[in-house]
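Working notes, structure below.
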There are 2 protein chains.
Amino acid sequence: MTDTIDLLRQSGIQPTPQRIAVAEFILGSKTHPSADEVFVMVRQTCPTVSRATVYNTLNLLVEKGLIRQQVLREGTIIFDSHVAAHHHFVDEETGEIHDVPWDAVQVSGAEKLIGFEVHEFQVVMRGRLRAK
Amino acid sequence: MTDTIDLLRQSGIQPTPQRIAVAEFILGSKTHPSADEVFVMVRQTCPTVSRATVYNTLNLLVEKGLIRQQVLREGTIIFDSHVAAHHHFVDEETGEIHDVPWDAVQVSGAEKLIGFEVHEFQVVMRGRLRAK
DNA sequence: TATAATTTAAGACTAAGTCTAAAATCAGGC
DNA sequence: GCCTGATTTTAGACTTAGTCTTAAATTATA
Ligand SMILES: [Mn+2]
Ligand SMILES: [Mn+2]
Ligand SMILES: [Zn+2]
Ligand SMILES: [Zn+2]
């Protein structure tokens, strides 16, 4: 809570109750929620917050580098509190998105493609979550 | 033209003028157009076709395996006439999507991730197209 | 406390996509 | 070549994700 406020201040974001609520939720989230999913959840702790403020705050957090956007789900952008490089696995049945650690997969050749100056890359996997 | 008609028949799709126009366009396309981009282009050869028919036909072609959908651009799905496995490079300035041949990049470890049954994967790269 | 700057909220607006129901087209049997 | 039922197309209504606008509320500062 105070650490969230400090984090926002350090990133040049004026902490308001709404922004703190959004930041607390998304930074603590391990799923990869859409803006509307964040809106629904944040409403539970901050019932008067508007949709516009949630969207604006998420975009602001992306701009300041505290979270990332990912294009992985059809129809909507998702937000990822995990900013370090990693890969993703999409469950084809449920649509759930799971993080795959950077070192769990090895990729070679991406940097030396002719014609392309690659700034970043990730492996996107699709399949089924294995019953454990 | 006759080969497109044959291809549709072989896939169990009744060839109509609208479907032939959509199929000819998307199967010959090397960009990765959205449904609305396909709509605008197909209108030029078939000016009365409706948006619903273009969307329905694209979804039908996906269902029959003649083209693929890709989630690579924010805000919209794109269609890919290249059905064999390959990777993608997204130009961060222009948004253009380029194919990267399967063998240009090597990925290892994806199949033996514990907890995930990977059915398919691709490397998604982002950066700048290099001036040649 | 007064003032100016920032932020929020509600709802209008836009864009991507689906759905509906009536009209048009098509295929097979006579 | 027509009749009939099945398929397809169309226009527009509808839905959902997201942005924009503007007035009101909040916040920072002096
Ligand atoms: Mn955005
Ligand atoms: Mn679809
Ligand atoms: Zn992630
Ligand atoms: Zn492609």
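Just so you know, these numbers come straight off a predicted model, no measurement behind them. The sequence lines fix the lettering, A, B, ..., with proteins before strands; numbering per chain opens at 1.
Relative to the axis of its first five pairs, the axis of the last five pairs of the helix from C:dT1-D:dA30 to C:dC30-D:dG1 sits at 20°, rounded to 10 degrees.
Scanning all heavy atoms of the two residues, the minimum distance from B:Leu129 to B:Asp91 falls at N-OD2, 3.2 Å. Across every non-hydrogen atom of B:Phe79 and B:Ile26, the tightest pair is CB-CD1, 3.9 Å.
Scanning residues 46-55 of chain B for heavy-atom distances under 4.0 Å to DNA chain D yields B:Thr48, B:Val49, B:Ser50, B:Ala52, B:Thr53. Remark: B:Gln14, B:Thr16, B:Gln18, B:Arg19 in residues 11-25 of chain B come within less than 4.0 Å of DNA chain D through at least one heavy atom.
Formation of a donor-acceptor pair under 3.5 Å by the B:Ser29 side chain with backbone atoms of B:Phe25 is not found in this model.
B:Thr53 and B:Gln18 are not linked by any side-chain donor-acceptor pair at a separation below 3.5 angstrom, with hydrogens and angles left out of the test. Side-chain polar atoms of A:Gln106 and B:Gln106 form no donor-acceptor pair below 3.5 angstrom.
The distance from atom CG of B:Leu8 to atom C1' of D:dT8 is 14 Å, rounded to the nearest whole Å. One atom, CZ of B:Arg73, and another, P of C:dA15, lie 15 Å apart when rounded to the nearest Å. Residue B:Asn56 contributes atom CG, which lies 18 Å from atom P of C:dT25 at whole-angstrom precision. When rounded to the nearest whole Å, the span between CG of B:Leu61 and P of D:dT8 equals 13 Å. Here D:dG18 presents its P atom at 6 Å from CD1 of A:Ile77, a figure rounded to the nearest Å.
For B:Thr76, no side-chain nitrogen or oxygen approaches OP1 or OP2 of C:dA15 to under 4.0 Å. Remark: B:Asn59 is in phosphate contact with C:dT18, judged by side-chain N or O atoms under 4.0 Å from OP1 or OP2.
Legend: side-chain hydrogen bond (donor to acceptor under 3.5 Å, both in side chains) pairs involving residues 75-85 of chain A, not counting sequence neighbours, sorted by first then second residue: A:His32-A:Asp80, A:Asp80-A:His86, A:Asp80-A:His88, A:His82-A:Asp99. Residue pairs meeting the salt bridge (charged side-chain N to carboxylate O under 4.0 Å, His left out) criterion with at least one member in residues 48-57 of chain B, sequence neighbours excluded: B:Asp36-B:Arg51.
Residues A:Val49 and A:Val54 meet the side-chain proximity criterion, which asks for heavy atoms closer than 4.5 Å.
When A:Glu92, A:Glu37, A:Glu96 are each tested for a salt bridge (charged side-chain N to carboxylate O under 4.0 Å, His left out) with A:Arg73, only one passes: A:Glu37.
Here A:Phe121 pairs with A:Trp102 under the ring-ring contact (aromatic ring centres under 6.0 Å, His included) rule; sequence neighbours left out.
Residue B:Ile78 is the one, among B:Ile78 and B:Arg9, whose nearest nucleotide of DNA chain C lies closer to the 5' end (criterion: closest heavy atom).
In this structure, B:Phe39 CZ and B:Thr57 OG1 are separated by 12.0 Å, a value rounded to the nearest 0.5 Å.
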